[in-house]
Amino acid sequence: MEERVVVDAEQLRSQFLQVLRSRRSAEVPLRWEKSEPVVKPLCQEASPPTISEAMESCPKADIENLKDQLKEENLYLFTEEGEQGRLPLLILSIKEINVQRRPAVVFLHSTLKCKEWLRPLLEAYASRGYVAIGVDSRYHGERASSLTTYRDALVSSWKKGDTMPFIFDTVWDLIKLADYLTQREDIDPTRIGITGESLGGMHAWFGAFADPRYTVAAPIIGVQGFRWAIDNDKWQARVDSIKAVFEEARIDLGKSQIDKEVVEKVWNRIAPGLASDFDSPYSIPAIAPRPLLILNGAEDPRCPLDGLAIPKERASKAYGEAHHTDNFKLVAEPGIGHQMTPLMVKEASDWFDSYFKK
């Protein structure tokens, strides 16, 4: 593949927004309504875990009876027409008599989880003075109706090419979410951060790329080189995480097994540009000069570290040219695979504090 370096971040962002708009249902005026707390959150796993030690380890302020001091909001934000255009939000903050503008952080869950899974992080950040926002990504949580909703949406996207359930449709929601958050009286519109785990890390990466109103980003085990993985035969672990759509494509393409051609055709169909124009060598440097912390496991087969060499080099150059070299950092935790760890949670927490709590 011919090497090229994108120099115009705004042009790249504009091209990405055109792709997002290409498969939209009709846009709607920004509006939201109150909803009820979810009593039985839907995780699309046969045996979902009950606790995340990494999330539970998130630094908290020492507040007596913290849960009694929290304000909880359950909302639906409408981002476009149609069933998936209703974005469920869980927002936690410390109760205050006098409303003051505070920093906010948006949190995105991993594959098959839901916003309620993020509650330990939301509570911890809220205790430290943030407005903490949990999001159900497309075809997850309240936007799912069965244990196969997300899988079925991916297969449908391959078949019909009318939606982009892998990453891109949720990024559209994140742009609309920024519209909403910047209007709130309790949020400082210049201090809105974004983070997430795994699929949520990809959402955070592309959300920050697509919308500069996310002024600080810390994607966790999500940033990877999609083109690099194809070219270097390191795509298997990522494919296995959402294998049904690749199996369907294999059959449709008359292949006896999934190969790099199948992988490339699926990415091009369900997320156009993911393995080309908008891949990490181009979209990661486009986040400069806003603070960006990438947290990965050094042994993660889904996000191979070697695949980030070029994105890291180009991002370092972009941040250097912007005279903000300290605003970019990549941490690869030794001996860790595809797993969010307490160290990553602490690093992300410190990253946001260092920029939002000055």
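None of these values were measured; they are calculated from a predicted model.
Here the closest non-hydrogen pair linking R290 and P212 is NH1-CA, 3.3 Å. The nearest pair of heavy atoms linking D162 to S156 is OD1-O, 4.4 Å. Taking both residues in full, the closest heavy atoms of R191 and F356 are given as NH1-O, 2.8 Å, listed atom of the first, atom of the second, then distance. For the residue pair G297 and I221, the shortest heavy atom distance occurs at N-CG2, 4.1 Å. Counting all heavy atoms, side chain and backbone alike, P285 lies closest to S280 at CD-O, 3.4 Å. Minimum interatomic distance between T325 and G320 (heavy atoms only, all atoms of both residues): CG2-CA, 3.5 Å.
Between K176 and E27 there is a salt bridge, with a side-chain nitrogen of the basic residue lying less than 4.0 Å from a carboxylate oxygen of the acidic one. Under the 4.0 Å criterion applied to side-chain N and carboxylate O atoms, E45 and K113 are assigned as salt-bridge partners. Taking 4.0 Å as the cut-off between side-chain N and carboxylate O, E248 and K159 count as a salt-bridged pair. Between D136 and K115 there is a salt bridge, since at least one side-chain N of the basic residue sits less than 4.0 Å from a carboxylate O of the acidic one. Salt bridge annotation for E73-K34: absent, with no cationic side-chain nitrogen under 4.0 angstrom from a carboxylate oxygen. A salt bridge is defined here as a Lys NZ or Arg NE, NH1 or NH2 lying under 4.0 Å from an Asp or Glu carboxylate O, and R302 with D240 fails to meet this definition. In this structure, E123 pairs ionically with K67, as a charged nitrogen and a carboxylate oxygen lie closer than 4.0 Å.
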Run the numbers on K265 and L253 for side chain to side chain contact (heavy atoms under 4.5 Å, CB included), then give the verdict.
CA-CA 10 Å; K265 285 183 179 297; L253 295 170; 3.7 Å; yes

Run the numbers on F226 and W235 for ring pair (Phe, Tyr, Trp, His ring centres under 6.0 Å), then give the verdict.
CA-CA 8 Å; F226 286 92; W235 46 262; over 10 Å; no

Please step through ring pair (Phe, Tyr, Trp, His ring centres under 6.0 Å) for the pair W32 and F78, ending with a clear verdict.
CA-CA 6 Å; W32 56 93; F78 295 89; 9.9 Å; no

With side-chain hydrogen bond (donor to acceptor under 3.5 Å, both in side chains) as the test, would you mind laying out the steps for S137 and H203 before giving the verdict?
CA-CA 9 Å; S137 62; H203 289 146; 4.6 Å; no

Show the numbers, then the answer: is there a ring pair (Phe, Tyr, Trp, His ring centres under 6.0 Å) between F206 and F278?
CA-CA 9 Å; F206 276 93; F278 311 125; 7.7 Å; no

In sequence, state the C-alpha distance, the side-chain angles, and the governing distance for D252 and W158, and then conclude on side-chain hydrogen bond (donor to acceptor under 3.5 Å, both in side chains).
CA-CA 10 Å; D252 290 347; W158 162 256; 2.8 Å; yes

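With hydrogens and angles ignored, the 3.5 Å screen pairs no side-chain donor or acceptor of H140 with any backbone N or O of C114. The main-chain N or O of I336 is never found under 3.5 Å from a side-chain atom of E299 such that the two would form a donor-acceptor pair. For the pair W172 (side chain) and T79 (backbone), a donor-acceptor distance under 3.5 Å is present. A distance-only check finds no donor-acceptor pair linking the side chain of D186 to the backbone of R102 [under 3.5 Å]. A donor-acceptor contact shorter than 3.5 Å is absent between the side chain of T149 and the backbone of A144. Side-chain atoms of S25 come within 3.5 Å of backbone N or O of E81 as a donor-acceptor pair. Side chain of S22 to main chain of V19: a donor-acceptor pair is present (N/O by atom type, distance under 3.5 Å, no hydrogens or angles). Judged purely by atom type and a 3.5 angstrom limit, N327 uses its side chain to pair as donor or acceptor with the backbone of P289. Panel note: side chain R250, backbone I258; no donor-acceptor pair is recorded below 3.5 Å. Looking only at distances, a side-chain donor or acceptor of Q44 sits under 3.5 Å from a matching main-chain atom of Y150.
Judged purely by distance below 3.5 Å, without hydrogens or angles, the side chains of W117 and S52 never pair a donor atom with an acceptor atom. Side-chain atoms of N98 and Q100 form no donor-acceptor pair, as typed in the model, at a separation below 3.5 Å.
With contacts defined as side-chain heavy-atom distances shorter than 4.5 Å, the pair D277/Y282 does not qualify. Residues F168 and T163 are not in side-chain contact: their nearest non-hydrogen atoms beyond the backbone lie 4.5 Å or more apart. P272 places none of its side-chain heavy atoms less than 4.5 Å from the side chain of W267.
Once rounded to the nearest 0.5 Å, the distance linking CG of L181 with CG of L174 reads 9.5 Å. Remark: L70 CG to L122 CG distance equals 9.5 Å, nearest 0.5 Å. In this structure, CG in L305 is found 12.0 Å from NZ in K234, a value given to the nearest 0.5 Å. Q15 contributes atom CD, which lies 11.5 Å from atom CD of E10 (distance to the nearest 0.5 angstrom). Summarising the geometry, atom OG belonging to S316 is positioned 11.5 Å from atom CD1 belonging to I284; distances are rounded to the nearest 0.5 Å. The distance from the CE atom of M164 to the OG atom of S157 is 8.0 Å, given to the nearest 0.5 Å.
Sequence neighbours left out, the pairs with a member in residues 212-225 that pass side chain to side chain donor-acceptor pair (under 3.5 Å) are D179-R213, D211-R213, Q224-R238.
In the hydrophobic clustering of ILVMFWY residues, with side-chain heavy atoms under 4.5 Å counting as a link, I167 and I220 come out apart. V331 and V216 fall within a single hydrophobic cluster, where Ile, Leu, Val, Met, Phe, Trp and Tyr side chains are chained together by heavy-atom contacts under 4.5 Å. W351 is not connected to I133 by any chain of hydrophobic side-chain contacts under 4.5 Å among Ile, Leu, Val, Met, Phe, Trp and Tyr, and they are in different clusters. With hydrophobic clusters built from ILVMFWY side chains whose heavy atoms lie under 4.5 angstrom apart, I194 does not share a cluster with L121. Side-chain heavy atoms closer than 4.5 Å link hydrophobic residues (I, L, V, M, F, W, Y) into clusters, and following such links, possibly through other members, connects L17 to I287.
Residue E33 qualifies as enclosed at atom CD: its count of foreign heavy atoms under 6.0 Å is above 12. Open room surrounds NZ on K71; 12 or fewer heavy atoms of other groups in view lie less than 6.0 Å from it.
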If you look only at distance, which donor and acceptor atoms sit under 3.5 Å apart when one is on a side chain in residues 82-96 and the other is two or more places apart or in another chain?
unit_1	atom_1	unit_2	atom_2	d
Q84	OE1	Y139	N	3.1
Q84	NE2	R143	O	2.9
K95	NZ	D68	O	3.0

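Other cluster members for V99: none, since no ILVMFWY side-chain heavy atom sits under 4.5 Å from it.
Between E333 and the choices D300, L343, L295, N296, the side chain to side chain contact (heavy atoms under 4.5 Å, CB included) rule is met once, by L343. Checking T170, L118, L199 one by one against L108, the side chain to side chain contact (heavy atoms under 4.5 Å, CB included) holds for a single residue, T170.
Taking the centre and axis of the six-membered ring of Y130, the NZ or CZ atom of R128 falls outside the cone set by 45° and 6.0 Å.
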